[in-house]
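A quick write-up on the structure given underneath.
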Amino acid sequence: MIALTSPYLWYTTRATGLVSLILFTVVVSLGTLVANRVGGATVGRFELGELHRTISIIAMVFLGVHVATTVLDSFVSTGVIAVFVPLTSSYRRWAVGLGAVAVDLMIAVWVTSLVKSRVANRSWRLIHWFSWLAYAIAIVHALLAGTDARHGVGLGIVLVSLAIVAGAAVWRFSARPTRAAGRTALSPLGSEVGEPRGDQRHRAREKRSTGNAGRQFDRGPR
Amino acid sequence: MGVRRTGGFVLALNPVLCDGFGHCAELAPDLVHLDEWGYPVLTGEPVPFSNLAARESTRYAVRGCPRQALRIERVNLSQ
């Protein structure tokens, strides 16, 4: 067994921290693609959803290793409690504390997704919104605590990840995917409302997609 | 879960939860069609449990729904 004083635990902490950051960047980006109704023709929407689900599990494993090696490493005194309770670490109190907040939020998002069929969908969605906050806190944690995140390739990875997720966030909150655009025409109120609601952009896209041969996959509003 | 040899199921939709993601039509194209706005139209026909392919794709559709709007309802098939 590796001695708990060897530097390898510390190296593993640093490496898995960076890999977790990259993986969670991919996970958040895929989640945004699903939420914004990307896919249908070349890549299935369900495929993006399945990738989101699968890669998130891999990312949680890396996060677990990152946390476990930090606790096991005896060079910095970070206890098990400090993993979950913020500001209880004597080593880099604020940096590790922010990491603990991010871990707590990610566990909440992860567990509610694991038992998704037993959680009210509104609750699941509300909790899932906190993944954005968790990611933001994790980035601050990386910049504050990251040994490699201050210069060179490590800093580059952090900045590129931040840029990708910031772009995803802007897209997610601005795109407002069309959904009930046609519902009024079918609802009992449809005769009163007359025209289905929905912007020109949506209707143009609808027109384009009606002539598509791959109807099975390409008949959605987006 | 063992193989269920008798009975069947229908794929049921909660239209209030559905937001027209369209995952179900990709995962279970035999049972789900989309209307022109992207909302699912279910065939509503009971499928025997012995149809393993349909069972599998239906289970994936239920799991893959981002809004948890689908469920499998057991029905008795009259022979």
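Numbers restart at 1 for each chain; the letters A, B, ... are given by sequence-line order, proteins then strands.
Both the backbone and the side chain of Arg63(B) come within less than 4.5 Å of a heavy atom of chain A. With a 4.5 Å cut-off on non-hydrogen atoms, Val119(A) does not touch chain B at all. Neither the backbone nor the side chain of Cys24(B) comes within less than 4.5 Å of any heavy atom of chain A. For Arg122(A), no part lies under 4.5 angstrom from a heavy atom of chain B.
Here Phe24(A) and Tyr135(A) keep their ring centres 6.0 angstrom or further from each other.
Atom CG of Leu159(A) is surrounded by more than 12 heavy atoms from other residues, nucleotides or ligands within 6.0 Å.
Contact check on Glu73(B) versus Arg71(B) returns a salt bridge, with a Lys/Arg side-chain nitrogen under 4.0 Å from an Asp/Glu carboxylate oxygen.
Geometric assessment of Arg67(B) against the ring of Phe21(B) yields a negative cation-pi assignment under the 6.0 Å and 45° thresholds.
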